[in-house]
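Atom set for the values below is all heavy atoms of this structure, side chains included, hydrogens, waters and symmetry mates excluded.
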Amino acid sequence: MKKVIVGVVTILIIAGICAPFVNGLVMEKIVKQSQNDLNEMYADTGSGTTIEIIQYDRSFLSSEIEWSIKLGSLAALYGVDEIILVDRADHGFTGVVSKTSLEKNQWFVDLLNDKLDGKNPLNITTTYHLWGQIESIIDIGAFSIQVENETIDFQPARVVTESDGRLTHLFSEASWGGLSVSDKLRISGISMVYDLEKISTYIWDGDISYKIESMKIEDQEENFELTNFKGEYALDFDKKKNTLSSGGEVDIENLIAGNEKVQDIFIRLDVNNMDAQGYEEFMKLYTQTMHSVLGDISAAKDDPEKMDEVLEGQMANTGLQMMAAYEKFLKNGLEIKVSDFHAQLPMGKVTGNIELKLNRDVTLAQLAPIAMQPNLAFDILSLQSDLSFPAVLAGDKPMLVSPVYPGMQTGLFVKDGESLVHRAQTKNGKLFLNGNEVVFN
């Protein structure tokens with residue numbers, strides 16, 4: 001019995017001693033797999049971005065990795081062609097903790113020396129767990145920079161991201177205290193949370209939420225103030241139907257622009273039952289086009305005339321492709337909804353809902369005759385809408401309450417007390433406006 005106990009204890013001691021080395025091996029496997037996965041995704045987008053491990057030195061208790069991220073077309077946005085990361089990792093008993101430095105980027109060193117007196121507010125820590133999970137924490141301390149004659153004060157920020165080893169499931173929480181420019185501009189309480197599952201490079205399933213507690217701009221000519229801005233966005237992939245639905249809502253407590261004030265603003269937009277293959281093809285074409293444009297802009301940045309030529313050429317080349325991509329969305333069941341829109345103005349409340357739905361698959365060619373025969377639209381489309389706003393907003397403009405088409409018995413709106421209201425719906429291939437059929441000849 002004693003021999004068994006001694007043997008078990010010996011095995012545990014050896015396992016404990018070897019744990020850092022094993023964790024170092026696990027980290028190296030995760031790192032190289034992540035590099036391959038990211039390069040594959042970037043290749044799909046046509047961005048030209050690539051990640052290369054320049055050097056990987058692994059010892060028993062630690063590792064040092066030097067990365068190179070070539071930004072490709074994204075260099076036009078950031079003004080930097082390459083980012084070099086240096087990771088210094090300590091192998092622990094249950095995982096590996098790595099600190100990331102930008103010390104080998106001259107542009108970063110110059111930024112610190114020129115703007116921040118050599119003080120680095122950036123701290124990046126990544127933990128590689130034995131079971132394959134990756135946790136990254138980016139902390140940015142408070143700092144101030146001088147821009148012309150103004151001082152911009154930045155509050156602390158933190159981004160915590162968790163993912164699996166293959167980067168197919170991402171969860172992140174980001175928060176930022178905001179910034180201020182003397183008494184002219186103040187933004188505070190910015191946060192975002194997302195939880196996403198990768199279906200493909202362009203299709204993800206999950207939720208995103210974001211918030212701005214306040215934003216205030218004071219100008220000699222006009223002031224602007226925003227209070228409690230909240231937003232949510234969701235992506236829902238239906239594997240059985242091979243469709244994608246997305247929806248988002250925005251909620252604002254107060255919005256002040258000059259002398260105009262709006263309260264209790266809410267709007268929700270949903271696009272349901274998009275053909276997933278069509279969506280993916282559209283996003284791939286759009287993304288590759290944008291990256292191509294960015295690359296050309298970067299090449300022609302010192303020649304405005306050439307830049308105009310580049311943009312015109314790109315639009316001409318991709319115009320027909322984009323039209324073909326749009327057509328793939330026109331499938332039976334596609335639905336666009338604006339729901340529960342409301343806002344409180346000083347003179348009254350504005351409300352509205354609009355729902356538009358495709359009754360069958362159509363092509364752009366089949367939609368063209370609608371311009372000459374509007375009644376054909378209501379065999380293809382289903383429409384339901386209701387809107388209301390204070391009549392005083394319309395002033396003395398009679399066009400809203402007067403028929404604008406011979407077959408209309410009312411205007412787009414009718415007077416109801418102190419409000420103008422609109423109601424429309426399709427039924428059996430006919431359009432009814434404010435309770436009356438619109439006759440198309």
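Partners of Arg158 according to the salt bridge (Lys or Arg N to Asp or Glu O under 4.0 Å) rule, which considers only residues two or more places apart in sequence or in another chain, are Asp139. In this view, Lys430 satisfies the salt bridge (Lys or Arg N to Asp or Glu O under 4.0 Å) rule with no residue, not counting sequence neighbours. Legend: residues meeting salt bridge (Lys or Arg N to Asp or Glu O under 4.0 Å) with Lys104, ordered by chain and number and at least two apart, are Glu66.
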Before giving the answer on side-chain contact (heavy atoms from CB on, under 4.5 Å), spell out for Leu167 and Leu38 the whole-Å C-alpha distance, their side-chain angles and the decisive distance to 0.1 Å. CA-CA 8 Å; Leu167 305 179; Leu38 287 170; 3.6 Å; yes
Check against side-chain contact (heavy atoms from CB on, under 4.5 Å), Lys261 and Asn254: CA-CA 7 Å; Lys261 182 176 181 179; Asn254 287 301; 3.8 Å; yes
Go through the steps to decide whether Glu103 and Arg88 satisfy the test salt bridge (charged side-chain N to carboxylate O under 4.0 Å, His left out), and finish with yes or no. CA-CA 12 Å; Glu103 64 195 42; Arg88 295 182 175 91; 2.8 Å; yes
Go through the steps for Ile138 and Asn123 under the test side-chain contact (heavy atoms from CB on, under 4.5 Å), then give the verdict. CA-CA 6 Å; Ile138 301 175; Asn123 183 30; over 6 Å; no
Before giving the answer on salt bridge (charged side-chain N to carboxylate O under 4.0 Å, His left out), spell out for Glu82 and Lys70 the whole-Å C-alpha distance, their side-chain angles and the decisive distance to 0.1 Å. CA-CA 4 Å; Glu82 182 183 28; Lys70 291 183 171 58; 3.5 Å; yes
Before giving the answer on salt bridge (charged side-chain N to carboxylate O under 4.0 Å, His left out), spell out for Arg166 and Asp37 the whole-Å C-alpha distance, their side-chain angles and the decisive distance to 0.1 Å. CA-CA 7 Å; Arg166 297 302 302 269; Asp37 292 339; 2.8 Å; yes
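How far OH of Tyr202 is from CG of Leu244: 14.5 Å, rounded to the nearest 0.5 Å. Summarising the geometry, atom CZ belonging to Arg58 is positioned 14.5 Å from atom CD belonging to Glu64; distances are rounded to the nearest 0.5 Å. In this structure, NZ on Lys29 lies 11.5 Å from OG on Ser34, to the nearest 0.5 angstrom. Taking OG of Ser163 as the start and CD of Glu135 as the end, the distance is 10.0 Å to the nearest 0.5 Å. For the atom pair Asp44 CG and Asn39 CG, the distance stands at 11.0 Å (nearest 0.5 Å). Atom NZ of residue Lys331 and atom CG of residue Leu358 lie 10.5 Å apart, to the nearest 0.5 angstrom.
The backbone N or O of Phe237 lies less than 3.5 Å from a partner atom in the side chain of Asp205, making a donor-acceptor pair. Here the side chain of Asn120 pairs a donor or acceptor atom with the backbone of Leu122 at under 3.5 angstrom. The main-chain N or O of Gln33 is never found under 3.5 Å from a side-chain atom of Asn36 such that the two would form a donor-acceptor pair. No donor-acceptor pair under 3.5 Å is formed between the side chain of Ser98 and the backbone N or O of Thr126. Side chain of Glu260 to backbone of Ala257: no donor-acceptor contact under 3.5 angstrom is found. The backbone N or O of Gly189 sits nowhere less than 3.5 Å from a side-chain atom of Trp176 that would complete a donor-acceptor pair. Asn434 places a side-chain N or O within 3.5 Å of a backbone atom of Arg423 that can act as its donor or acceptor partner. The main-chain N or O of Asn273 is found under 3.5 Å from a side-chain atom of Ser245 such that the two form a donor-acceptor pair.
A 4.5 Å side-chain heavy-atom check between Ile84 and Phe108 finds every atom pair outside the cut-off. Looking only at side-chain heavy atoms (C-beta outward), Ile380 and Arg360 come within less than 4.5 Å of each other. Using a 4.5 Å cut-off on side-chain heavy atoms (C-beta onward), Asp386 and Val421 make no contact. Residues Thr49 and Ile69 meet the side-chain proximity criterion, which asks for heavy atoms closer than 4.5 Å. Side chains of Glu335 and Glu355 form a contact here, defined as non-hydrogen atoms less than 4.5 Å apart. Proximity of Gln263 to Glu253: side-chain heavy atoms (C-beta onward) are nowhere separated by under 4.5 Å. Between Leu334 and Met274, some side-chain heavy-atom pair lies under the 4.5 Å cut-off. The shortest distance between side-chain heavy atoms of Asp340 and Arg268 does not fall below 4.5 Å.
Between Glu232 and Lys230 no salt bridge is recorded (no basic side-chain N to carboxylate O distance below 4.0 Å). Between Glu280 and Lys328 there is no salt bridge, since no side-chain N of the basic residue sits under 4.0 Å from a carboxylate O of the acidic one.
Between Asp270 and Gly247, the shortest heavy-atom contact is OD1-CA, 3.3 Å. Considering all non-hydrogen atoms of both residues, Ile30 and Gly165 come closest at CG2-CA, 4.4 Å. Of all heavy-atom pairs between Met347 and Leu393, the closest is SD-CD2, 3.8 Å. When all heavy atoms of Asp164 and His169 are compared, the closest pair comes out as OD1-N, 3.3 Å. Smallest separation of non-hydrogen atoms from Phe224 and Leu226: CE2-CB, 4.0 Å. Looking at every heavy atom in both residues, Thr426 comes nearest to Leu381 through OG1-O, 4.0 Å.
Environment of CG in Asp57: crowded, with over 12 heavy atoms of neighbouring residues, nucleotides or ligands closer than 6.0 Å. Atom CZ of Phe143 is surrounded by more than 12 heavy atoms from other residues, nucleotides or ligands within 6.0 Å.
Between Phe171 and Tyr194, the distance separating the two ring centers is not shorter than 6.0 angstrom. Between Phe378 and Phe440, the distance from one ring center to the other falls under 6.0 angstrom.
Between the side chains of His91 and Ser63, at least one donor-acceptor pair of N or O atoms lies under 3.5 Å. Judged by distance alone, the side chains of Ser382 and Asn359 do bring a donor and an acceptor atom under 3.5 Å apart. No hydrogens or angles considered: a donor-acceptor pair under 3.5 Å links the side chains of Thr125 and Lys99.
For the pair Lys32 and Tyr56, the cation sits on the ring face: its NZ or CZ lies under 6.0 Å from the ring centre, inside 45° of the axis.
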